Protein chains: 2
Amino acid sequence: MLESHYSDIRSLEVFAAMDDDQFEALMRGSYVQNFPPQIELISEGEPSDFLHIVLSGSVDLFSSWNGRETSMATIHPISTFILAATIKDAPYLMSARTLEKSRVVLIPSQDVRAIFMRDAEFARAIVGELAQCYRTAIKSTKDLRLRTSLERLANYILRQQKRAGGSAKIELLTEKRRLASYLGMTPENLSRAFKGLVPYGVTVNGNRIHITDQEDLERFAKPSPLIDDYRT
Amino acid sequence: MLESHYSDIRSLEVFAAMDDDQFEALMRGSYVQNFPPQIELISEGEPSDFLHIVLSGSVDLFSSWNGRETSMATIHPISTFILAATIKDAPYLMSARTLEKSRVVLIPSQDVRAIFMRDAEFARAIVGELAQCYRTAIKSTKDLRLRTSLERLANYILRQQKRAGGSAKIELLTEKRRLASYLGMTPENLSRAFKGLVPYGVTVNGNRIHITDQEDLERFAKPSPLIDDYRT
DNA sequence: CGCAGCCTTGACAAATGTCAACAAACGTGG
DNA sequence: CCACGTTTGTTGACATTTGTCAAGGCTGCG
């Protein structure tokens with residue numbers, strides 16, 4: 001692959017501390033590809049042949065069962081996904097598809113596992129990454145189990161606001177139908193949920209959200225660091 | 001702590017490959033305690049001072065928010081819990097309480113982190129453990145998002161049956177109210193769900209479950225290795 | 001025995017999903 | 001740039017699922 005991406009990838013936490021030679025070896029065996037939107041990169045159940053890294057664009061992780069489908073997460077640059085499957089040499093538990101035109105690095109899982117066995121710093125970095133993934137998954141489970149869809153939406157809005165710098169006006173960067181799926185509801189239900197938040201100081205116009213009463217919204221949403229914080 | 005537990009703990013995947021000296025050091029700094037039932041061992045939000053290992057009995061991991069509470073998992077001997085928090089030196093995301101009289105090892109998190117930094121084999125073993133935890137969490141999320149409570153119960157029964165060796169008659173080893181919480185529903189709803197499974201070949205009496213029509217139940221439950229398998 | 005806790009049941013309410021219709025936004029080809 | 005068709009979002013009516021409340025039965029234990 002092209003040298004030009006090296007530094008971007010290298011600066012990822014997972015690769016930052018590892019040995020130079022090992023990193024070079026990983027990169028030499030990898031591919032970079034450009035994908036148009038809506039391309040299914042991997043399908044759940046398949047063997048995990050490659051560790052993926054999104055360089056640009058974005059990728060949706062989703063799962064299906066019995067004709068139903070749900071969006072599990074959205075991956076933004078620059079980060080890896082399906083690390084756990086790669087390490088365990090186990091089948092993917094989620095499918096992935098590009099949401100927009102995206103540039104993706106594919107590193108053969110075999111290589112990752114080989115270097116994982118050789119390079120202790122890499123192994124330690126992977127621990128950090130997996131622990132983070134695990135904790136994120138637990139938070140997401142708590143969100144689902146402990147909150148109604150209206151509460152999930154309210155907290156989602158607060159999280160996005162925080163991400164965007166705290167302004168009272170924010171933009172939805174995702175399609176509403178996908179947001180609905182991510183929040184575990186139907187598009188129709190999401191439409192009504194937005195209306196249901198009006199009494200708590202939220203108005204929506206297209207993908208522009210206006211928080212007219214921050215305190216009211218927070219009083220209703222009751223955000224918790226143990227569910228909503230990206231860090232911790 | 002007493003030598004007698006060493007071998008049990010040592011045989012855990014996380015500790016199996018690590019250096020003898022390191023293992024000794026870990027054990028020297030640790031405590032073993034007996035707890036009566038219903039004791040809260042840790043509370044979510046607290047700093048993670050100890051890595052815990054259940055030697056006997058069982059422990060419930062649960063979470064609360066806004067007056068609601070949900071059971072997230074049950075830990076059986078012999079296994080660790082809250083490893084991710086220990087490694088990240090981050091607050092617990094879940095609380096834990098004994099379900100019965102239980103014997104628990106407490107290893108100071110500092111020690112675990114120190115040895116994690118020193119012993120590469122330990123670090124690699126932790127990767128395996130965390131990847132497993134992560135994948136289990138993903139499966140649980142899929143179960144919640146993609147299935148109705150009736151479907152979750154049906155698949156739970158099939159999983160328990162498999163665990164118990166495949167017999168058509170199995171025992172519920174947990175209180176129904178806790179099972180309900182684990183499955184993400186109310187006790188009342190669980191009662192009705194059991195009745196709702198009668199047409200699919202399941203009858204319940206107390207904590208004895210009888211699968212009268214295996215095929216019918218499986219046709220309804222549609223178990224999937226990507227959600228229901230313990231391994232993979 | 002009598003209390004306490006769990007489980008069950010029924011009646012009802014709230015949350016969420018489904019279906020159908022329509023409006024709005026978007027993209028494509030002329 | 002417009003016309004067209006496709007997709008997405010919204011809305012209403014309704015069905016299903018799930019939760020809530022209250023009552024009563026069952027069980028285990030002092």
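All of these numbers come straight from a predicted model, not from anything done at the bench.
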Could you state the atom-to-atom distance from [atom1] of [X] to [atom2] of [N] in whole Å?
X: B:Asn207; N: C:dT8; atom1: CG; atom2: P; value: 10 Å
X: B:Leu99; N: C:dC6; atom1: CG; atom2: P; value: 13 Å
X: A:Gln38; N: D:dT7; atom1: CD; atom2: P; value: 12 Å
X: A:Leu197; N: D:dT10; atom1: CG; atom2: P; value: 13 Å
X: A:Glu151; N: D:dG19; atom1: CD; atom2: C1'; value: 13 Å
X: A:Arg147; N: C:dA14; atom1: CZ; atom2: C1'; value: 20 Å
X: B:Arg68; N: C:dA14; atom1: CZ; atom2: P; value: 15 Å
X: B:Ile209; N: C:dC7; atom1: CD1; atom2: P; value: 13 Å

Side chain of [X] - closest among [options]:
X: B:Arg177; options: D:dT10, C:dC7, C:dT16; value: C:dC7
X: A:Asn189; options: C:dC7, C:dT16, D:dG9; value: C:dT16
X: B:Glu175; options: D:dT18, C:dC7, D:dT8; value: C:dC7

Is it true that A:Arg103 and A:Ser56 share a donor-acceptor pair across their side chains at a distance under 3.5 Å?
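There is no such pair between these side chains.
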Do A:Asp60 and A:Ser71 meet the criterion of a side-chain donor-acceptor pair at a distance under 3.5 Å?
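Yes.
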Just to be sure I understand the rule, does B:Gly184 reach a base, reach only the sugar-phosphate, or reach nothing, if contact means heavy atoms closer than 4.0 Å?
sugar-phosphate
Determine the contact category for B:Glu188: base if any of its heavy atoms lies under 4.0 Å from a base atom, sugar-phosphate if only primed atoms, P, OP1 or OP2 are that close, otherwise nothing.
base
From A:Leu93 atom CG to A:Ser63 atom OG, the distance as rounded to the nearest 0.5 Å
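Atom-to-atom, A:Leu93:CG and A:Ser63:OG are 7.5 Å apart.
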Check the phosphate of D:dT10 against A:Lys195, side-chain N and O only, distance under 4.0 Å to OP1 or OP2. Yes or no?
no
Reckon B:Ser149 has a side-chain N or O less than 4.0 Å from the OP1 or OP2 of D:dT18?
yes
Can you confirm whether or not the ring centre of A:Phe220 sits under 6.0 Å from the ring centre of A:Tyr200?
yes
For DNA chain C, whose closest nucleotide is more 5', that of A:Thr186 or that of B:Leu190?
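It is B:Leu190 whose nearest nucleotide is closer to the 5' end.
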Less than 3.5 Å between a donor and an acceptor, one on the side chain of B:Arg192 and one on the base of C:dG10, is that the case here?
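Checked by distance alone, the answer is yes.
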Does B:Arg177 pair with B:Glu188 as a salt bridge, N-O distance under 4.0 Å?
no
